[in-house]
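These notes are about the structure you will find just below.
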Amino acid sequence: MLHVKTIEGQLQARNLKFTLIASRFNDFIVDRLIGGAVDYLVRHEARREDITLIRVPGAFEMPLVAQKVARSGQADAIICVGAVIRGATPHFDYVCSEATKGIAHVSLETGVPIGFGLLTTDTLEQSIERAGSKAGNKGVEAAAAALETLRVLQQL
Ligand code: INI
């Protein structure tokens, strides 16, 4: 292991404010992602009253709402959770692409870290696997990434 000055984020969420942005589309999957994210933050000492949940219709609407939250200063970090599942038409590709690009753009434009917990899967089964079953819970991963990134940014 190289001995160099290393900056890394401590996973301590005390006194931090988080906003979760969650889509209603595929809500039975998304509810599991929300549960995972909230559970992670609370286990890392966030207070429940410091976690706000905003519901949006679908993944496409996430970037605009994230932009308003980020610009308002009401959240130290944002976590987007949703599920886009491929159907018979190209609609899936447009929704995924715009949601992903938009969320990345908002984070870069505002400097607010955004955990990306948007499932983009070919099948319903793949989404279920990533929402608290055999492939983990993407909501937990997104909350962890948002917290760690915020803690890194605070040191730069
Ligand atoms: N939105 C999702 O979040 N997941 C999906 O799987 C999905 N599909 O498949 O259509 C979806 N579409 C809705 C879209 O995000 C917008 O809410 C809608 O187009 C209205 O603007």
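Whatever order the structure lists them in is the order used to number ligands and atoms, beginning at 1. Because only heavy atoms are used, hydrogens play no part in the values below, and waters and symmetry mates are left out as well, while side chains stay in. FYI, the numbering just counts along the sequence from 1.
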Nearest 0.5 Å please: distance from the OG1 atom of Thr121 over to the CD atom of Glu129.
-> 9.5 Å
Name all residues meeting the side-chain contact (heavy atoms from CB on, under 4.5 Å) criterion together with Asp39; count only those two or more places apart in sequence or in a different chain, and write none if there are none.
-> Arg43
Name every donor-acceptor pair, under 3.5 Å, that has one atom in a side chain of residues 7-14 and the other anywhere in the protein, sequence neighbours excluded.
{"from": "Gln12", "atom 1": "OE1", "to": "Arg14", "atom 2": "N", "distance (Å)": "2.9"}
{"from": "Arg14", "atom 1": "NE", "to": "Glu45", "atom 2": "OE1", "distance (Å)": "2.9"}
{"from": "Arg14", "atom 1": "NH2", "to": "Glu45", "atom 2": "OE1", "distance (Å)": "2.5"}

Quick note, ring-ring contact (aromatic ring centres under 6.0 Å, His included) partners involving residues 78-136, not counting sequence neighbours, are none
Mind listing the closest non-hydrogen atom pair of Ala131 and Ile29 along with its distance?
-> CB-CG2, 3.8 Å
Closest approach of Ala46 and Ile51, non-hydrogen atoms and distance?
-> CB-CD1, 4.3 Å
Contact residues of ligand 1 (heavy atom under 4.0 Å), by chain and number = Ser23, Phe25, Asn26, Gly58, Ala59, Phe60, Glu61, Ala83, Val84, Ile85, His91, Val95
